[in-house]
Amino acid sequence: MEKVRVRFAPSPTGPLHIGGARSALFNYLIARKYKGEMVLRIEDTDLERSSKESEENIFSSLKWLGIDWDEGPDIGGKFAPYRQTERLDIYTKYAQQLIENGQAFYCFCSEEELEKDRQEAMAKGETPKYSGRCRNLTEEQRQKFLAEGRKPVVRFKVPETGEVVIEDLVRGTVRFENEGIGDFVIVKSDGIPTYNFAVVIDDHLMEISHVVRAEEHLSNTPRQILIYEAFGWEKPVFAHISLILGKDKTKMSKRHGATSVVQYRELGYLPEAVVNFLALLGWSPQEEEEIFTMEELIQKFSLDRVAKNPAVFDMEKLRWINGYYIRHTSIERLTELAIPILEKAGYLPSELTEKEYEWVKLIVTAVQEKLHSLNEILDYMPIFTGEKVELENEEAKAVLEEEQVPQVIELLRTKLAEMHTLEPEGVKKALKEIVKESKLGGRKVYMPIRVALTGQMHGPELYYIIPVLGKELIEKRLANTLHK
RNA sequence: GGCGCGUUGGAGAAGCGGCUUAACUCACCAGCCUUUCACGCUGGCAUUCACGGGUUCGAAUCCCGUACGCGUCACCA
């Protein structure tokens with residue numbers, strides 16, 4: 001088998017979309033699995049919408065996910081350049097070749113003319129398709145148009161009969177009649193090639209062996225194959241992966257929530273969780289496990305287990321996966337990730353003291369098992385900060401009215417006073433002693449303390465909450481809740 | 001409208017002619033663990049695979065039609 005060379009070829013017209021990230025991931029997994037090469041190519045031929053900023057976003061999003069590439073605009077490679085706007089002369093050369101061979105032609109039709117054709121075809125109930133008007137212009141006509149100042153586009157001459165058969169790795173055999181394909185534009189009037197033309201030239205020149213991309217490109221594929229055939233080039237293997245749909249089964253869009261990789265990053269998702277989730281979007285493992293590291297994915301991934309049916313973006317599942325990774329990563333890492341979130345929310349200054357860092361670390365330890373995304377830590381912050389405590393409901397109020405409460409609180413005060421510093425292990429021990437000495441049992445001791453300190457019936461372990469609060473805050477809170 | 005693709009439980013998703021009385025995961029319910037919540041563990045949760053025909057000894061799996069959804073028909077990628 002020849003060397004596997006795959007590519008991810010986004011157009012830099014916005015932040016990296018979750019669907020794009022999934023295409024990039026699949027390509028990356030294939031490249032690594034078969035010890036091939038991954039090419040990153042920037043398709044920036046849409047001058048209007050492309051931006052450097054989007055390009056930067058694509059680079060950083062991919063890196064964040066842990067996807068890297070062997071050749072690309074930032075690192076170069078033997079087929080450089082990797083930005084289409086830097087390859088314009090190459091496309092011109094090949095377009096010229098097609099024109100000379102009679103496989104492409106200049107078209108001078110104006111937008112108005114084309115629109116009129118379209119309307120007429122629609123009115124007659126026909127498929128709108130290029131009329132072929134400029135297919136056989138004489139040299140004279142051409143000069144006349146040029147003299148009028150018209151800027152031509154170059155159109156590919158599509159054979160009028162025959163069909164294009166695609167042997168797609170995930171979709172099987174798909175056929176398209178040539179008849180349904182009009183002569184399409186390959187070079188715009190400003191001299192920039194269109195997508196359908198540039199991809200083919202680049203994929204061929206860059207020796208891409210497998211084109212793995214989203215299903216929306218499936219109906220473009222016959223046009224591209226026609227170009228391969230016009231040049232007599234060997235075609236790559238195609239694999240069109242299904243679209244990503246939202247919960248309502250329509251194409252994933254802003255309406256469904258976050259759609260870009262950066263958004264997930266900002267919402268407190270871990271890159272390995274996003275990668276794991278993305279891999280499951282359209283692909284399924286043979287075994288029962290669903291949690292995989294990048295290494296495992298590289299080992300297990302294969303295109304023949306990629307499904308044809310559309311992949312539905314299940315936010316609940318992403319949350320669950322993210323929660324899993326949060327529970328299984330280190331406190332140090334979570335602390336580092338939590339700091340900017342807490343800073344932004346005003347819980348921390350921009351420069352941290354050792355003491356503040358330790359404080360965050362304790363909070364993170366306390367809530368680690370409860371989080372599904374890092375920013376959920378903010379939901380727990382009222383437990384750890386502020387002097388005032390709101391009793392959450394009547395039930396909580398009732399807990400504080402139980403008869404053993406004064407005794408429990410007194411014991412707590414005594415125990416805490418005996419301790420020089422509050423740390424989880426010591427507090428845990430002290431609490432157990434209270435249970436033992438009072439002979440009241442767990443619930444009657446823990447629940448009043450919990451409610452008195454936090455106002456809530458549920459929450460993280462008390463032996464974490466107490467050290468986080470510190471003696472001073474504890475006194476203030478006790479005073480606050482008990483004298484109401 | 002033409003062309004192309006899809007349709008399995010509350011949700012995601014395997015299975016692609018007999019081994020399926022339809023995996024697995026999430027959610028949900030019950031029990032256990034536990035000071036609470038959460039985590040973890042155990043068990044329960046589709047007689048049925050959009051619908052209607054057909055092929056076959058046998059169909060979720062193959063064929064045809066209908067419905068619904070999605071994609072695409074650009075000088076966007």
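Basis for what follows: all heavy atoms, side chains included, without hydrogens, waters or symmetry-related copies. Treat the numbers as computed from the prediction; the structure is a model and nothing was measured.
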Peer 1: Ignoring hydrogens and geometry, is there a side-chain-to-backbone donor-acceptor pair from R22(A) to L281(A) under 3.5 Å?
Peer 2: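 It does hold such a pair.
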
Peer 1: Quick one: I326(A) CD1 to A38(B) P, roughly how many Å, whole number?
Peer 2: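 In whole Å, A38(B) P and I326(A) CD1 are 17 Å from each other.
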
Peer 1: Between T259(A) and Y264(A), what is the shortest heavy-atom contact and its length?
Peer 2: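 Heavy-atom minimum between the residues: N-CE1, 4.3 Å.
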
Peer 1: Would you say S242(A) places a side-chain N or O within less than 4.0 Å of OP1 or OP2 belonging to C70(B)?
Peer 2: no

Peer 1: Quick check: does any side chain N or O of R171(A) sit under 3.5 Å from a backbone N or O of K308(A), one acting as donor and the other as acceptor?
Peer 2: yes

Peer 1: Could you state the CE-C1' distance from M315(A) to A27(B), rounded to the nearest angstrom?
Peer 2: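 After rounding, the gap between these two atoms is 16 Å.
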
Peer 1: Using atom C1' of each nucleotide, how far apart are C76(B) and A14(B) to the nearest Å?
Peer 2: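 The same atom, C1', in both gives a distance of 37 Å.
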
Peer 1: R155(A) side chain to D183(A) main-chain N or O, any donor-acceptor pair under 3.5 Å?
Peer 2: yes

Peer 1: When you compare U66(B) with C29(B), how far apart are their P atoms, in angstrom units rounded to a whole number?
Peer 2: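 Approximately 44 Å lies between the P atom of U66(B) and that of C29(B).
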
Peer 1: If you check the V153(A) side chain, which of C76(B), C5(B), C75(B) turns out closest?
Peer 2: C75(B)

Peer 1: If I pick the P atom on G17(B) and the same atom on U7(B), what distance separates them, to the nearest angstrom?
Peer 2: 16 Å

Peer 1: If you measure from the C1' atom in G43(B) to the same atom in C33(B), how many Å do you get, rounded?
Peer 2: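 Their C1' atoms lie roughly 15 Å apart.
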
Peer 1: Is there a donor-acceptor pair closer than 3.5 Å between any side-chain N or O of E160(A) and the backbone N or O of N178(A)?
Peer 2: no

Peer 1: Can you check the distance between G18(B) and C63(B), where both ends of the measurement are the P atom (answer in whole Å)?
Peer 2: 16 Å

Peer 1: Indicate whether any N or O donor in one side chain lies under 3.5 Å from an N or O acceptor in the other, for Y195(A) and E43(A).
Peer 2: no

Peer 1: Side chain of Q103(A), backbone of A230(A): donor and acceptor closer than 3.5 Å?
Peer 2: yes

Peer 1: Can a donor-acceptor pair be found, under 3.5 Å and without considering hydrogens, that links the side chain of Q404(A) to the backbone of K444(A)?
Peer 2: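 Yes, Q404(A) side chain to K444(A) backbone: donor-acceptor pair under 3.5 Å.
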
Peer 1: Enumerate all atom pairs, one protein N or O and one N or O from nucleotides 30-36 of chain B, separated by less than 3.5 Å.
Peer 2:
from, atom 1, to, atom 2, distance (Å)
U35(B), O4, E461(A), OE1, 2.4
U36(B), O2', M457(A), O, 3.2
U36(B), O2', H458(A), ND1, 2.5
U36(B), O2, G459(A), N, 2.8
U36(B), O2, G459(A), O, 3.1
U36(B), N3, R450(A), NH2, 3.0
U36(B), N3, G459(A), O, 2.8
U36(B), O4, E461(A), OE1, 3.1

Peer 1: Nearest-Å distance, CZ (F197(A)) to C1' (C76(B))?
Peer 2: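 These atoms are roughly 17 Å apart.
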
Peer 1: Write down the atom of S373(A), the atom of N322(A), and the distance for their closest heavy-atom approach.
Peer 2: CA-OD1, 3.4 Å

Peer 1: Rounded to whole Å, how long is the line connecting atom CD of E115(A) with atom P of C75(B)?
Peer 2: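 The answer, rounded to whole Å, is 10 Å.
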
Peer 1: Assess the residue pair K436(A) and E433(A) against the criterion (salt bridge (charged side-chain N to carboxylate O under 4.0 Å, His left out)); give the C-alpha distance rounded to whole Å, side-chain angles, the decisive distance to 0.1 Å, and a yes or no.
Peer 2: CA-CA 5 Å; K436(A) 209 169 152 193; E433(A) 284 168 12; over 6 Å; no

Peer 1: Donor-acceptor check, side chain of E296(A) to backbone of T293(A), threshold 3.5 angstrom: yes or no?
Peer 2: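 Checked: pair present.
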
Peer 1: Counting only N and O atoms by type, is there a donor-acceptor contact under 3.5 Å from the side chain of R477(A) to the main-chain atoms of T454(A)?
Peer 2: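 Absent.
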
Peer 1: For nucleotides A46(B) and C28(B), find the distance between their C1' atoms and express it as a whole number of Å.
Peer 2: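 Between the two C1' atoms, the distance is 15 Å.
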
Peer 1: Hydrogens and angles aside, do D202(A) and Y91(A) bring a side-chain donor and acceptor to less than 3.5 Å of each other?
Peer 2: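 Yes - a donor-acceptor pair under 3.5 Å links their side chains.
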
Peer 1: Using the C1' atom on both, measure G53(B) against A59(B) and round to a whole Å.
Peer 2: 14 Å

Peer 1: Take the protein atom OH of Y464(A) and the nucleotide atom P of C39(B), then report the distance between them rounded to whole Å.
Peer 2: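 Roughly 16 Å, once rounded to whole Å.
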
Peer 1: With a 4.0 Å cut-off, would you call D117(A) and R133(A) a salt bridge?
Peer 2: yes

Peer 1: Specify the residue among L371(A) and T45(A) whose closest nucleotide of RNA chain B lies further upstream toward the 5′ end.
Peer 2: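 Counting from the 5' end, the first nearest nucleotide belongs to L371(A).
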
Peer 1: Taking for each residue the nucleotide of RNA chain B bearing the nearest heavy atom, is the 5' side occupied by E177(A) or by S110(A)?
Peer 2: E177(A)

Peer 1: What does the 5'-to-3' dot-bracket notation of RNA chain B look like when only Watson-Crick and G-U wobble pairs under 3.5 Å count, and pairs to other strands show as |?
Peer 2: ((((((((.[[[..)..(.....]]].(((((.......))))).....[[[[[..)....]]]]])))))))....

Peer 1: Without decimals, in angstroms, what is the distance between D168(A) CG and G6(B) C1'?
Peer 2: 14 Å

Peer 1: Within the 4.0 Å heavy-atom criterion, would you say V174(A) contacts the bases, only the backbone, or no part of the nucleic acid?
Peer 2: sugar-phosphate

Peer 1: Give every pair of a protein N or O atom and an N or O atom of nucleotides 40-46 of chain B that lie under 3.5 Å apart, one pair per line with the distance.
Peer 2:
from, atom 1, to, atom 2, distance (Å)
G40(B), OP1, R327(A), NH1, 3.1

Peer 1: To the nearest Å, how far apart are D203(A) CG and A77(B) P?
Peer 2: 15 Å

Peer 1: Would you tell me whether T194(A) and N196(A) have side-chain atoms, one donor and one acceptor, within less than 3.5 Å of each other?
Peer 2: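 Judged by distance alone, the side chains do not pair up.
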
Peer 1: Could I get the full list of salt bridge (Lys or Arg N to Asp or Glu O under 4.0 Å) partners for K361(A), not counting sequence neighbours?
Peer 2: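 Partners of K361(A) under the salt bridge (Lys or Arg N to Asp or Glu O under 4.0 Å) test: E332(A).
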
Peer 1: For nucleotides 71-74 of chain B, which of its nitrogen or oxygen atoms have a protein nitrogen or oxygen under 3.5 Å away, and what is each distance?
Peer 2:
from, atom 1, to, atom 2, distance (Å)
U72(B), O4', S219(A), OG, 3.1
U72(B), O2', S219(A), OG, 3.2

Peer 1: Which part of the nucleic acid, if any, lies within reach of S50(A) when heavy atoms closer than 4.0 Å are counted: base, sugar-phosphate only, or nothing?
Peer 2: nothing

Peer 1: When F277(A) is tested against each of Y269(A), F313(A), W283(A) for ring pair (Phe, Tyr, Trp, His ring centres under 6.0 Å), which residue passes?
Peer 2: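 The ring pair (Phe, Tyr, Trp, His ring centres under 6.0 Å) with F277(A) is passed solely by F313(A) among Y269(A), F313(A), W283(A).
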
Peer 1: Protein-nucleotides 12-20 of chain B N/O pairs closer than 3.5 Å?
Peer 2:
from, atom 1, to, atom 2, distance (Å)
G12(B), OP1, K249(A), NZ, 3.4
G12(B), O4', D314(A), OD2, 3.2
A13(B), OP1, P310(A), O, 3.2
A13(B), OP1, V312(A), N, 3.1
A14(B), O3', R305(A), NH2, 3.4
G15(B), OP1, R305(A), NH1, 3.4

Peer 1: Pick the P atom in C62(B) and in G15(B), then give their distance to the nearest Å.
Peer 2: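 My reading of the P atoms in C62(B) and G15(B) gives 12 Å.
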
Peer 1: Look at the side chain of D44(A) and the backbone N and O of T85(A), then say whether any donor-acceptor pair between them is shorter than 3.5 Å.
Peer 2: yes

Peer 1: How many Å lie between CZ on R319(A) and P on C28(B), as a whole number?
Peer 2: 11 Å

